[in-house]
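Below: the structure, in structure tokens.
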Amino acid sequence: MSIKHIDQATFNPLIAGSQMTIAFTDLTADQKSGLANYFAQHNQRFTTQENQDLLQITHRDLETVIADFKQNAIIATDELEAIYKDSQIFFAAGNRSFDITDKPMIHSIMNLSPESFYDGKDHNLKEYLGRIEEQIAMGISFFDIGGKSTNPKADDMSADEEFSRMEPYLKEIRKAFPDIILSVDSNNPITIERALDHGVQVINSISGFDTPEMLDLVERYQAPVITTYNNRNKPTDNVHQSLLDYLDDQVSKLKARGLKDENIILDPGVGFTSRYEGITKEEIAAEDVTKIKAIRAMADCRLPILVGVSNKSFMGTLFDREIDDRLISSLLVEYNMVMNGGRLIRVHNIEETRLMMDIFNTLAL
């Protein structure tokens, strides 16, 4: 008898977990009969196709199956346990590890840049800390701090100016909330190093990790990363393939510097799309849609994947939504990406996003 996992698990809240297909070959008549009876009783899809028996099952239900098989000796469970373990997806930072296989994690955007396209304003430290406290009470433990807007219309700034916006906040955040995970949203290695020295654990770079300076930072600090496919200044004829090739190259470079799977978060870079003279907003939006759809192929790598579409401009182009009227479209696109493999949802609208995930998980049970 042989058992193998023949496709990548993708998260589906409607069925309360990550669904996968497992192939059984060379079963004895007794084994096949025992499996068919068991799965029929438990409403699991077990079919025969081309000399192999296929089981469609969620990651969550597979855990129950393994426990039942051990107790009832239907078949040996070694291969099933290996499949279960191999299909798990973790995110780890600092001294904390999160199993995000069946429960995607919300990543809170905490802007400190008045130029930001959404939620950009002058910030009061007390109010800022209060927002974090409220979100911790909602179950959020991962926060993204940025001092510079990534809006393509925003001016660049020096590392000194960028970090000066973050420094007083980082000091107080670390003092008040020592257990949360913090990422720094920056592509400047000087800013990033200062943030890491102030207790930030994760580097979120929209420019990826291609330069010696950025890769050296990763190696010295062993800091988990969010690496983004950003082709604003790199137009390509095949965005889908270019995205996959770029992120594959990034994973190789980052692993060579000591990072593990659970330390590498991949971002398809929705919003960080081609910008050149003559390109239309419709063409830009179409490229963003290509990136959104690429997430299913990205899921084959079995690494944490970032869903970062909250309130972005393609929703204005495609759905005629102004910046302050993109909540519903944001939630629906986020849900679609989570269904297809997204595991970390980077959002402005924390309460609504958490409610969305809670509703679908509850209905699935």
Side-chain angles (χ1 to χ4, degrees), residues 11 88-112 131-133 135-136 138-147 163 166-167 169-189 191-209 214-228 247 250-251 253-268 298 301-308 310 338 341-347 350 353-354 357:
F11 182 78
Q88 286 182 293
I89 299 174
F90 290 91
F91 162 61
N95 59 357
R96 301 186 67 181
S97 179
F98 304 86
D99 185 343
I100 54 176
T101 312
D102 294 312
K103 189 175 182 180
M105 188 174 183
I106 295 174
H107 186 199
S108 174
I109 302 170
M110 304 295 287
N111 284 326
L112 286 170
R131 282 178 60 196
I132 294 177
E133 186 171 23
Q135 292 180 17
I136 290 173
M138 295 180 199
I140 309 304
S141 54
F142 190 13
F143 296 84
D144 194 50
I145 309 296
F163 188 69
M166 292 188 283
E167 184 175 18
Y169 289 83
L170 289 176
K171 288 180 177 178
E172 294 304 317
I173 290 169
R174 268 290 158 245
K175 187 187 304 181
F177 311 110
D179 296 328
I180 65 173
I181 304 298
L182 286 175
S183 59
V184 56
D185 182 2
S186 177
N187 60 352
N188 188 314
T191 302
I192 293 168
E193 184 164 17
R194 291 173 179 174
L196 293 171
D197 288 337
H198 279 70
V200 169
Q201 302 105 312
V202 181
I203 306 170
N204 178 12
S205 172
I206 63 166
S207 298
F209 298 84
M214 292 292 279
L215 290 169
D216 287 346
L217 268 180
V218 169
E219 186 168 21
R220 282 193 288 118
Y221 285 86
Q222 287 299 288
V225 304
I226 302 170
T227 182
T228 303
L247 292 177
Q250 286 281 280
V251 171
K253 289 178 178 177
L254 292 164
K255 286 186 175 181
R257 297 299 181 114
L259 295 192
K260 299 178 181 178
D261 286 356
E262 59 266 32
N263 305 137
I264 304 172
I265 301 167
L266 305 181
D267 180 358
M298 290 172 60
C301 68
R302 303 185 187 183
L303 298 178
I305 298 173
L306 186 77
V307 173
S310 186
V338 165
R343 292 299 186 276
L344 290 147
I345 314 171
R346 184 178 182 271
V347 295
I350 296 297
T353 304
R354 190 198 65 160
M357 297 310 301

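Since this is a predicted model, take the numbers as computed values, not measurements.
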Checklist line | Residue list, salt bridge (Lys or Arg N to Asp or Glu O under 4.0 Å) with Glu133, at least two apart or on another chain | finding: none
Next item on the list: Mind running side-chain contact (heavy atoms from CB on, under 4.5 Å) on Phe143 and Gln135 for me, showing each step along the way?
Entry: CA-CA 10 Å; Phe143 296 84; Gln135 292 180 17; 3.3 Å; yes
Check: Just how far is it from atom CG of Leu182 to atom CE of Met166, taken to the nearest 0.5 Å?
Finding: 11.0 Å
Check: Can you list the residues that meet the ring-ring contact (aromatic ring centres under 6.0 Å, His included) rule with Phe142, with sequence neighbours excluded?
Finding: Phe91, His107
Check: Okay, side chain of Thr101, backbone of Ile89: is any donor-acceptor separation there less than 3.5 Å?
Finding: yes
Next item on the list: Under the side chain to side chain contact (heavy atoms under 4.5 Å, CB included) rule, collect the residues that match up with Asn95, sequence neighbours excluded.
Entry: none
Margin query: Return the NE2 to CZ distance between His198 and Phe163, rounded to the nearest 0.5 Å.
Written below: 4.0 Å
Margin query: Using 0.5 Å steps for rounding, measure from the CG atom of Leu254 to the CG atom of Asn263.
Written below: 9.5 Å
Notebook entry, point to check: Who passes salt bridge (Lys or Arg N to Asp or Glu O under 4.0 Å) against Asp99, sequence neighbours left out?
Noted result: none
Checklist line | Residue list, side chain to side chain contact (heavy atoms under 4.5 Å, CB included) with Asp185, at least two apart or on another chain | finding: Asp144, Thr150, Asn204, Ile206, Arg346
Next item on the list: List for me each residue that meets side chain to side chain donor-acceptor pair (under 3.5 Å) alongside Ser97, sequence neighbours excluded, and say none if there are none.
Entry: none
Next item on the list: Can you sort out the partners of Arg194 under side chain to side chain donor-acceptor pair (under 3.5 Å), two or more places apart, ordered by chain and number?
Entry: Asp160
Note to self: Which residues pass the side chain to side chain donor-acceptor pair (under 3.5 Å) test with Asp179, not counting sequence neighbours?
What the structure shows: none
Margin query: If we ignore hydrogens and angles and just use 3.5 Å, is the side chain of Arg343 paired with the main-chain N or O of Ile100 as donor and acceptor?
Written below: yes
Next item on the list: Using side chain to side chain donor-acceptor pair (under 3.5 Å) as the criterion, list what pairs up with Asn188, not counting sequence neighbours.
Entry: none
Check: Sequence neighbours excluded, which residues qualify as salt bridge (Lys or Arg N to Asp or Glu O under 4.0 Å) partners of Lys171?
Finding: Glu167
Margin query: Run the side chain to side chain contact (heavy atoms under 4.5 Å, CB included) test against Gln222 and tell me which residues pass, sequence neighbours left out.
Written below: Glu219, Leu259
Margin query: For Ile264 and Gln250: C-alpha separation, side-chain torsions, deciding distance, then whether side-chain contact (heavy atoms from CB on, under 4.5 Å) applies.
Written below: CA-CA 9 Å; Ile264 304 172; Gln250 286 281 280; over 6 Å; no
Margin query: Run Ile173 and Ile145 through side-chain contact (heavy atoms from CB on, under 4.5 Å) and show every step you take.
Written below: CA-CA 10 Å; Ile173 290 169; Ile145 309 296; 4.1 Å; yes
Item checked: SG on Cys301 to CG on Leu266, rounded to 0.5 Å -> 5.0 Å
Check: Partners of Glu262 by side chain to side chain contact (heavy atoms under 4.5 Å, CB included), sequence neighbours excluded?
Finding: Phe90, Ala92, Lys260
Next item on the list: Evaluate the side-chain contact (heavy atoms from CB on, under 4.5 Å) criterion for residues Glu193 and Arg220: first the C-alpha distance (whole Å), next the side-chain angles of each, then the deciding distance (0.1 Å), finally the verdict.
Entry: CA-CA 10 Å; Glu193 184 164 17; Arg220 282 193 288 118; 3.1 Å; yes
